[in-house]
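Contents: one structure, followed by commentary.
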Amino acid sequence: MTSTFLEQRGAEMYSLAQKLWSYPRSLTGDGVRSTLVELSLVISGLQMHEIASGTKVGDWEVPMEWNLKFARLTAPDGTVICDTRENNLHVLGYSIPFRGKVSLPELESHLYSLPDQPSAIPYVTSYYERRWGFCMSHDVRTSLQPGEYGVEIDTSLQQGFLTYADLVLPGQLEDEILVSTYICHPSMANNELSGPVVTTELIKYLSSQVDRRYTYRFVFAPETIGAIVYLHKHLKHLKKYVKAGFVITCVGDNRTHSLLPTRDGVHEVDLIARHVLRFIDPKFKEYSWADRGSDERQYSAPLVGLPMVSMMRSKYWEYPEYHTSLDDLVNVVSPAGLAGGFEAIRQAVDILERNVRPLTTVIGEPMLGKRGLYGTLGASRYSTTPQTLLDVWSYCDGSRTAFEIAEVLQMRFEDVINLIELLKEHDLVKTSPAQLS
Amino acid sequence: MTSTFLEQRGAEMYSLAQKLWSYPRSLTGDGVRSTLVELSLVISGLQMHEIASGTKVGDWEVPMEWNLKFARLTAPDGTVICDTRENNLHVLGYSIPFRGKVSLPELESHLYSLPDQPSAIPYVTSYYERRWGFCMSHDVRTSLQPGEYGVEIDTSLQQGFLTYADLVLPGQLEDEILVSTYICHPSMANNELSGPVVTTELIKYLSSQVDRRYTYRFVFAPETIGAIVYLHKHLKHLKKYVKAGFVITCVGDNRTHSLLPTRDGVHEVDLIARHVLRFIDPKFKEYSWADRGSDERQYSAPLVGLPMVSMMRSKYWEYPEYHTSLDDLVNVVSPAGLAGGFEAIRQAVDILERNVRPLTTVIGEPMLGKRGLYGTLGASRYSTTPQTLLDVWSYCDGSRTAFEIAEVLQMRFEDVINLIELLKEHDLVKTSPAQLS
Amino acid sequence: MTSTFLEQRGAEMYSLAQKLWSYPRSLTGDGVRSTLVELSLVISGLQMHEIASGTKVGDWEVPMEWNLKFARLTAPDGTVICDTRENNLHVLGYSIPFRGKVSLPELESHLYSLPDQPSAIPYVTSYYERRWGFCMSHDVRTSLQPGEYGVEIDTSLQQGFLTYADLVLPGQLEDEILVSTYICHPSMANNELSGPVVTTELIKYLSSQVDRRYTYRFVFAPETIGAIVYLHKHLKHLKKYVKAGFVITCVGDNRTHSLLPTRDGVHEVDLIARHVLRFIDPKFKEYSWADRGSDERQYSAPLVGLPMVSMMRSKYWEYPEYHTSLDDLVNVVSPAGLAGGFEAIRQAVDILERNVRPLTTVIGEPMLGKRGLYGTLGASRYSTTPQTLLDVWSYCDGSRTAFEIAEVLQMRFEDVINLIELLKEHDLVKTSPAQLS
């Protein structure tokens with residue numbers, strides 16, 4: 001895509017991330033609902049769904065619904081130490097409600113901070129054990145003076161629902177590409193707001209493509225338990241129709257590109273993702289299945305086996321600001337970072353959409369000269385372009401797709417498909433769609 | 001082969017090249033006819049064929065027939081600047097006839113020379129656009145003085161024929177090995193005279209083999225259009241019977257050995273060619289399909305797909321004298337160069353002819369001692385030869401051919417097949433022919 | 001196994017080697033019989049067999065039976081130069097009987113020594129040519145003075161029998177693992193006493209395993225001719241039932257580990273042997289089929305093709321003491337060396353016995369927390385153990401065995417199988433036996 005187009009997309013995605021910044025997202029609750037409602041304003045047809053707390057899903061069950069009104073910690077002298085209205089990372093995720101006075105020694109067992117990143121507020125949760133707590137910078141924590149602290153944690157943890165959303169964009173084929181992202185982290189930018197905003201942009205891009213080949217299924221759900229819920233609701237359908245997919249996460253900073261491949265690393269979607277990233281940045285970082293950490297753990301689980309990749313910028317766990325207040329829209333995520341994250345996935349989707357299997361219509365090489373595709377003066381060497389055109393043509397025997405030809409010739413897919421289109425205009429090849437099997 | 005045998009072959013090939021040197025070869029015309037007539041004198045049964053100008057062959061059509069009587073350029077002072085009777089590269093290939101006086105500025109647009117090789121006459125053609133012109137050394141060109149130049153180009157370009165020849169040497173099998181070379185270049189030695197003369201020697205060699213396994217089909221035709229004509233005349237037959245083939249070109253200088261493999265590079269004929277060249281020169285140069293430039297472009301085109309390799313000395317495009325008057329029988333091609341080019345291809349053909357699939361006749365190792373194949377004093381180590389004999393024998397389980405055993409053991413095919421013959425003499429293996437599939 | 005267990009095994013094996021040290025083993029004769037009788041005392045059910053001299057076995061025939069009473073060489077001054085009652089290497093193996101006086105020059109043609117290892121008595125045999133001779137250190141040989149020497153070689157070489165033994169330990173499957181070792185070398189320690197004593201220990205180990213999966217077949221026979229006899233007696237059965245095997249030789253010194261793989265090197269038993277040795281010593285030495293030299297030459301011969309490996313310590317031919325009197329129980333073979341040789345093979349056998357194909361029982365990842373397999377505080381990273389458990393689980397889709405999972409994850413088989421057992425205890429996977437095919 002042109003750089004102007006990408007700049008505009010980057011700016012729009014960044015603006016959407018700013019709007020979503022302060023909703024108190026968690027596995028469940030109104031923070032998730034508000035986020036999805038906000039997304040509905042720009043995603044036509046997004047469907048919201050709820051599933052009741054306690055519902056069994058495979059080996060798991062849907063947790064209680066958690067809501068945060070606010071949480072505040074006040075020092076003995078009345079100074080406010082933490083307030084979630086300032087930064088919703090200050091409360092331990094899924095903290096039970098608590099109100100009272102506690103001494104500093106007692107308070108300490110409820111505090112979370114990072115000694116080696118003393119200015120960062122860590123992101124900590126306690127989904128499956130009932131606790132209350134505050135997260136704060138280590139600098140603040142070490143400045144706390146003895147005395148009685150005022151704790152106000154106005155949360156609720158009760159029977160309710162887990163909320164998620166999906167959208168299906170139909171294509172010519174019933175075969176589906178699954179695109180999943182998560183919406184359970186409070187105010188952090190690369191992990192996770194970049195995920196839903198890039199996914200939103202991808203929906204807009206694909207909605208604008210009139211002749212979509214594949215059906216695209218988009219899922220916005222809390223990580224892990226949300227993916228497990230979705231899997232159990234749609235298992236048979238997903239196993240039958242999903243041919244490949246993308247877990248969209250950590251696509252917002254402008255520092256690197258990286259890939260988490262499928263478990264075995266040799267699915268066509270792996271090859272496509274590698275191809276795209278290699279041409280964007282030959283030094284992109286490829287991880288392996290051992291480094292997985294998002295919803296491919298569910299979608300690609302044994303007996304499920306959907307081939308999912310993550311085409312990321314800086315991967316979760318691998319950048320210093322990860323899971324802290326430093327992962328923000330100022331120093332980490334930028335419009336250019338989001339645009340680059342979007343563009344990589346868009347290029348991969350384009351290969352899925354445009355790939356064909358070309359077959360020559362002529363016996364022996366085509367005569368390029370009479371078509372103006374080649375100079376008429378036979379000097380000692382071909383110029384580059386006709387030779388490249390013939391290189392591509394020489395593989396048009398039905399045994400390879402355009403993508404496979406691009407791989408053999410170490411050419412960019414887009415250049416190969418354009419040459420195949422040129423050959424097709426001149427009736428020198430015919431093509432059939434090349435679909436994932 | 002013995003070095004004496006090869007020296008004799010080299011001298012004969014060199015002598016034939018000298019005879020063919022000055023015929024004015026091109027895509028068509030009497031230069032081609034005279035060349036083929038000369039070859040008929042040494043190739044019993046060579047069949048000449050003609051196809052009329054304008055005949056459609058696939059995407060191409062047979063060009064007009066071109067004949068050169070002579071072409072001469074005379075300076076204002078009467079000095080002869082170029083004369084094709086001295087070197088037939090002086091005329092632009094397929095030059096239209098022209099006679100008249102032209103000023104130096106006008107003449108310039110009809111001259112071809114190489115500023116970076118100022119002593120060389122370049123080889124230039126204009127097959128598909130009507131032009132007249134002269135080729136000369138850049139040294140001569142830059143010495144030309146203003147004035148009126150006398151141009152006499154006595155050529156004809158008219159409805160006629162394209163001429164080519166073939167020969168089929170029958171073998172025990174209907175399966176064929178295709179050997180193709182081209183005859184459309186005027187006085188140049190490595191590219192191309194080495195091709196027809198080595199091919200001629202190969203015909204003589206194979207004619208002398210009484211129990212040929214394969215049928216061999218030899219084609220002498222102008223490059224590209226000649227191969228396309230041949231393909232269209234024989235497509236069904238070639239696709240059915242040709243199991244492998246050789247495009248013979250650039251086999252005359254003594255500087256290097258090189259290989260142009262098949263498109264995918266993993267056909268048995270690729271493995272055989274690599275095997276032979278590796279043992280001749282471990283540092284032989286292997287090119288790839290992207291470097292192709294001769295008639296494999298037609299024979300191995302999509303929907304045709306004949307597996308053709310070129311086992312060359314210095315490859316077209318890759319040596320400084322290529323397509324100039326410097327590619328001669330003095331400084332580039334030599335008897336030893338031709339002998340080496342011939343010998344490499346001969347060894348590859350010998351593997352095709354002699355390869356077998358051996359199967360042991362005994363359970364457990366053969367007892368070498370009682371056959372005198374092994375010392376009787378059991379010291380701590382085998383001497384080399386019995387161990388090598390048992391190494392070869394240990395693969396005689398029907399799963400591998402002699403050639404494959406040679407590859408596994410990194411031994412020369414000839415050494416392996418000789419050991420298999422020895423085992424066979426002692427009734428320790430039986431063999432069946434191993435043919436290309 | 002624990003180091004205490006291995007120390008005990010090492011001591012027992014060493015002690016058995018000491019007992020077997022001085023029997024005059026050869027291809028045939030009472031030295032072999034006495035050795036097998038000694039082994040019968042510790043191997044319950046060992047079956048001894050005899051086959052008559054002259055019996056045709058494939059390309060070979062069973063040799064005459066050779067027995068040694070004693071051989072002695074006396075100097076002109078009456079000093080005893082060699083006496084087999086001191087070291088049975090002193091007589092040429094299969095020496096014919098001889099008694100008489102010979103001059104030094106005549107004697108020389110009957111002496112064997114090693115100039116480059118002057119203190120070593122070499123091991124030399126003449127199975128298939130009738131000779132008499134003495135082996136001695138080169139130091140002694142060069143000190144011999146002119147004069148008449150007294151030769152007393154009290155051997156017999158006559159129609160008799162070749163003796164070997166076998167034992168079948170039945171398992172749940174009819175499929176067999178063949179374990180073969182040889183018993184034809186006189187007093188040498190690594191090659192060969194380590195072989196029969198480690199094999200004996202392996203029999204004791206496997207006898208103690210109640211639920212053996214495979215049937216194990218153990219063979220004690222003279223090298224080469226014994227294996228050929230065994231093959232011919234049991235060919236049909238072995239080809240039908242033997243799925244893999246071990247030739248046990250050179251397993252007694254503590255200097256290195258090494259592997260002789262199967263001919264093609266890619267059988268599952270190769271992968272297993274490599275796996276085991278890599279974890280014992282990443283720098284273990286892997287040889288190739290070209291380096292073979294023991295009974296795999298027969299068992300893995302063409303038309304037989306049993307997949308046999310040798311997991312060795314210092315390989316025959318590759319250590320300086322090989323086939324000399326220096327290969328002893330003092331400087332070469334040690335209890336620790338034997339224990340290490342035993343343990344490597346035992347681990348390989350354990351993989352054969354324990355390997356399973358695991359299949360998950362849950363859709364989506366298992367919930368480790370509720371089972372106490374995982375902390376409940378979701379911080380930014382998994383601790384190593386739950387992640388490793390999930391790594392293993394993520395491959396439990398029925399496409400890979402536990403061994404293959406270990407290979408993919410580059411984990412020790414034992415660690416993987418233990419995690420799979422843990423998953424099985426928690427009903428998170430079910431398993432089926434994974435057998436050699």
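Convention: sequence-line order gives letters A, B, ...; per-chain numbering from 1. These numbers come from the heavy atoms of this one structure, side chains and all, not from hydrogens, waters or symmetry mates.
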Considering only heavy atoms and a distance below 4.5 Å, find which of Pro302(B), Ala290(B), Gly93(B), Gly305(B) pairs most often with chain A.
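It is Pro302(B).
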
Quick one: of Val362(A), Val408(A), Asp391(A), who has the most non-hydrogen atom pairs under 4.5 Å with chain B?
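Looking at each option in turn, the highest pair count goes to Asp391(A).
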
Measuring heavy-atom distances to chain B, does Ser399(A) have an atom under 4.5 Å in its side chain, in its backbone, in both, or in neither?
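Answer is side chain: those atoms of Ser399(A) sit under 4.5 Å from chain B.
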
Where on Leu428(A) is there a heavy atom nearer than 4.5 Å to chain B: the side chain, the backbone, both, or neither?
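Contact with chain B: side chain only.
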
Is the distance between the ring centroids of His90(B) and Phe134(B) less than 6.0 Å?
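That pair fails the under 6.0 Å test.
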
Hey, which residues of residues 238-251 of chain B are touching chain A, say heavy atoms under 4.5 Å apart?
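Checking residues 238-251 of chain B against chain A gives no residue, so none.
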
For the student: nearest non-hydrogen atoms of Tyr216(A) and Glu353(A), plus distance
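It is OH-OE2, 2.6 Å.
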
Taking all non-hydrogen atoms of both residues, which atom of Arg297(B) and which atom of Ala301(B) are closest, and how far apart?
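Distance-wise, the nearest heavy atoms are O-CB, 3.5 Å.
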
Can you measure from CE (Met311(A)) to CD (Glu343(A)) and round to the nearest 0.5 angstrom?
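One finds 10.0 Å between CE of Met311(A) and CD of Glu343(A).
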
Which atoms of Ile225(B) are under 4.5 Å from chain A, going by heavy atoms: the side chain, the backbone, both sets, or neither?
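For Ile225(B), there is no contact with chain A at all, as no heavy atom is under 4.5 Å.
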
Is the count of non-hydrogen atoms from other residues, nucleotides or ligands lying under 6.0 Å from Arg130(B) atom CZ greater than 12?
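12 or below, so no.
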
Quiz question: by atom type and distance under 3.5 Å, do the side chains of Asn191(B) and Tyr319(B) form a donor-acceptor pair?
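No, Tyr319(B) and Asn191(B) have no side-chain donor paired with an acceptor closer than 3.5 Å.
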
Looking at Tyr112(B), Phe98(B), Tyr94(B), which hits ring-ring contact (aromatic ring centres under 6.0 Å, His included) with Trp132(B)?
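By the ring-ring contact (aromatic ring centres under 6.0 Å, His included) criterion, Trp132(B) pairs with just one of Tyr112(B), Phe98(B), Tyr94(B): Phe98(B).
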
Can Arg9(A) be said to sit on top of Phe5(A)'s aromatic six-ring, NZ or CZ under 6.0 Å from centre and within 45° of the ring axis?
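Yes, Arg9(A) and Phe5(A) form such a contact.
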
